[in-house]
Amino acid sequence: MERAMPKDKTLFFCKECGTEVSKWQGQCPGCHAWNTLVEAPAGQAAKLATKAVSESRKRAAANTGLKKKPVTIRDVETAADARQSVGMEEFDRVLGGGIVPGSLILVGGDPGIGKSTLLLQTCRMLSGKGIRTLYVSGEESEKQIKLRADRIGEFEDGMLLFSETSMSSILEAVDEVSPSVLVVDSIQTVYEESIDAAPGSVSQVREITGTLLQLAKSRNITVFIVGHVTKEGNVAGPRMLEHMVDIVLYFEGDKTAMYRMLRGVKNRFGSTNEVGVFEMREKGLVEVPNPSEYLMAGRLEDEAGSVVVCTMEGSRAFLIEVQALVCRSSFPVPRRTAVGSDYNRVNLLMAVLEKRIGLTLGDCDAYVNVAGGMRITEPAIDLALVAALISSHTGRAFDPKMVFFGEVGLVGEVRAVSQAERRIAEAVKTGYTTIIMPESNRIAIEKAGGINLGGARLVGVKHIRELSQMNRE
Ligand code: TYD
Ligand code: MG
């Protein structure tokens, strides 16, 4: 039976996140923003909260769907040949082979990571090819952008700058100059006058994105949106922005390390398993076509406690140095730290080492570090962590031309990991000669007919005991 609701009952909903509450409060219980609750008739609060997005979707649909008729799949023309290279191979790869005209691309990342630099360079490359680009910045003045641009290089006349935050002025500018590529830096600074919320709030971001979506689809303009990532790791709070755009890319990296990684999170025109690697230099971002060599630069060979792991980022393999320092503790409770790998995992592996091969680590401090500021979360790093810990504890280095990968279980067994062939290929390509890996992976490769090793050899291990033996030899 339906419960009758009094006609005049009202609810309160948050302008920022849409949370509904029955009583007014100063702070929204959903997103903890202050003074964002507004009153609305019951049953309409949710409607009001999602109105903006449904409206902009409707508008976009009306503009894109010129002929609404079912077609056979063979008749659908693909845009593959229409892809436009952005002039940077690393960027093109993440985009799935270049930009598809009319796509909406979100580039997210922490402040200061290099998003503006990346897009300014992209605009420079594109305008250099005669493509009209408009770079709208709500964060920096034209002078500031010019200062940055001067470091990057010469710019063509086809590249236009506009320092503006009002959406209607931006639309006017687009009308006037009709660019093929538009960059909006950043979505959090642009606002629509008709929306009663601060720039960067959910309703503003949603409305602006909706308008940009419509612009992209109706006029075939490629739109890049820059979004700062909040502490929670979301672009502008909710993930709804990601649903509205065609491509979501995250630009990340350790700010203290010089390398930057552009990662595809969503791509309606290609694979998301791609990463592009860049280095931040004096003159802007430089592509790093061979990250393994780059990340291994500066490694001291023949040092105890240093080993090399082959890890995967999407479909790309990287060789990275893993270091461990194990020493006698002078603290009542031994200290342990893990940089670039999971702290609990390191503790667990140390317990496995102690229990399964009798390594006395209980009264030792242990510091583990993944060099180059990379963060490895996949379990394939286990074997390298174990090898580094053993090597530091015994003071004996492993052969510097060894690469390790494999997951380690609680009884010390070495378990298979994914994409073993790719990892091996990367190690061989970079000049490593011995690959220490799970025996089950090695057998699988052998059964499948083997792979080209170019003189390198595969050593399958079943238990971490074998590693400790290898270290003694
Ligand atoms: P920026 O593109 O402004 O970051 P975001 O737009 O993501 O906030 O990049 C900022 C950092 O990059 C800044 O700390 C300075 C550095 N940088 C260089 O090291 N070299 C350069 O040539 C440029 C343009 C920036
Ligand atoms: Mg910026």
Side-chain angles (χ1 to χ4, degrees), residues 86-88 90-91 94-95 105-128 133-156 159-167 170 181-191 199-200 204-205 208-209 212 223-237 241-242 245 247-265 275-288 291 294 297 372-373 375:
V86 294
M88 280 185 276
E90 295 288 309
F91 198 173
V94 184
L95 288 167
I105 303 160
L106 172 69
V107 179
D110 285 324
I113 206 76
K115 302 180 293 298
S116 305
T117 309
L118 178 73
L119 289 171
L120 202 62
Q121 279 180 257
T122 307
C123 283
R124 174 171 175 259
M125 300 271 189
L126 290 171
S127 58
T133 57
L134 176 61
Y135 184 97
V136 178
S137 178
E139 309 207 321
E140 290 154 307
S141 67
E142 277 122 7
K143 274 202 197 112
Q144 282 173 307
I145 302 169
K146 173 83 165 90
L147 279 177
R148 184 204 305 265
D150 281 344
R151 296 213 260 167
I152 293 170
E154 290 280 310
F155 277 74
E156 297 286 327
M159 149 102 198
L160 295 162
L161 277 185
F162 191 31
S163 189
E164 182 57 69
T165 52
S166 151
M167 193 61 211
I170 295 171
V181 174
L182 171 71
V183 175
V184 178
D185 186 0
S186 66
I187 187 87
Q188 277 106 340
T189 54
V190 179
Y191 70 97
Q204 283 286 4
V205 165
I208 304 289
T209 311
L212 291 172
V223 182
F224 285 96
I225 301 175
V226 173
H228 292 298
V229 173
T230 58
K231 272 196 217 89
E232 295 79 38
N234 294 339
V235 175
L241 198 58
E242 296 190 352
V245 302
I247 297 177
V248 180
L249 308 175
Y250 279 99
F251 205 35
E252 53 190 43
D254 196 62
K255 259 185 244 164
T256 52
M258 281 297 112
Y259 85 89
R260 301 281 184 270
M261 215 175 267
L262 188 66
R263 192 189 301 274
V265 177
V275 287
V277 185
F278 298 86
E279 188 189 345
M280 184 57 97
R281 294 235 189 110
E282 278 288 289
K283 294 189 168 169
L285 291 159
V286 182
E287 296 176 75
V288 180
Y294 174 75
R375 192 167 168 77

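Both counts, for ligands and for their atoms, begin at 1 and track the order of listing. For the single chain, residues carry numbers from 1 onward in sequence order. Hydrogens, waters and symmetry mates play no part in the numbers below; they use all other heavy atoms, side chains included. What you are looking at is a predicted structure, and each value in this text was computed from that prediction instead of being measured.
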Neighbouring residues of ligand 1, heavy-atom cut-off under 4.0 Å = Asp110, Pro111, Gly112, Ile113, Gly114, Lys115, Ser116, Thr117, Arg148, Arg151, Met280, Arg281, Glu282, Lys283, Gly284
Give every protein N, O or S atom lying under 2.8 Å from the Mg ion (ligand 2), naming each by residue and atom.
-> Ser116 OG
Over 60° means perpendicular and under 30° means parallel, so classify the ring planes of Phe91 and Phe224, tilted if in between.
-> tilted
Examine distances only and state if a side-chain atom of Ser163 and a backbone atom of Glu140 form a donor-acceptor pair shorter than 3.5 Å.
-> yes
Stepwise, does the side chain to side chain donor-acceptor pair (under 3.5 Å) test hold for Asp185 with Ser116?
-> CA-CA 7 Å; Asp185 186 0; Ser116 305; 2.6 Å; yes
For Ile113, does its backbone N or O pair with a side-chain atom of Arg260 as donor and acceptor, under 3.5 Å?
-> yes
Short question: side chain of Gln188, backbone of His228 - any donor-acceptor pair under 3.5 Å?
-> yes
Judged by atom type as modelled, is there a donor-acceptor pair below 3.5 Å linking the side chain of Lys115 to the main-chain atoms of Phe251?
-> no
Would you mind reporting whether Ile247 and Leu106 have side-chain heavy atoms less than 4.5 Å apart?
-> no
Expected output: side-chain Glu90 to main-chain Glu287 donor-acceptor under 3.5 Å = no
Give a yes or no on whether the backbone of Ser141 and the side-chain of Gln144 come within a donor-acceptor separation of less than 3.5 Å.
-> yes
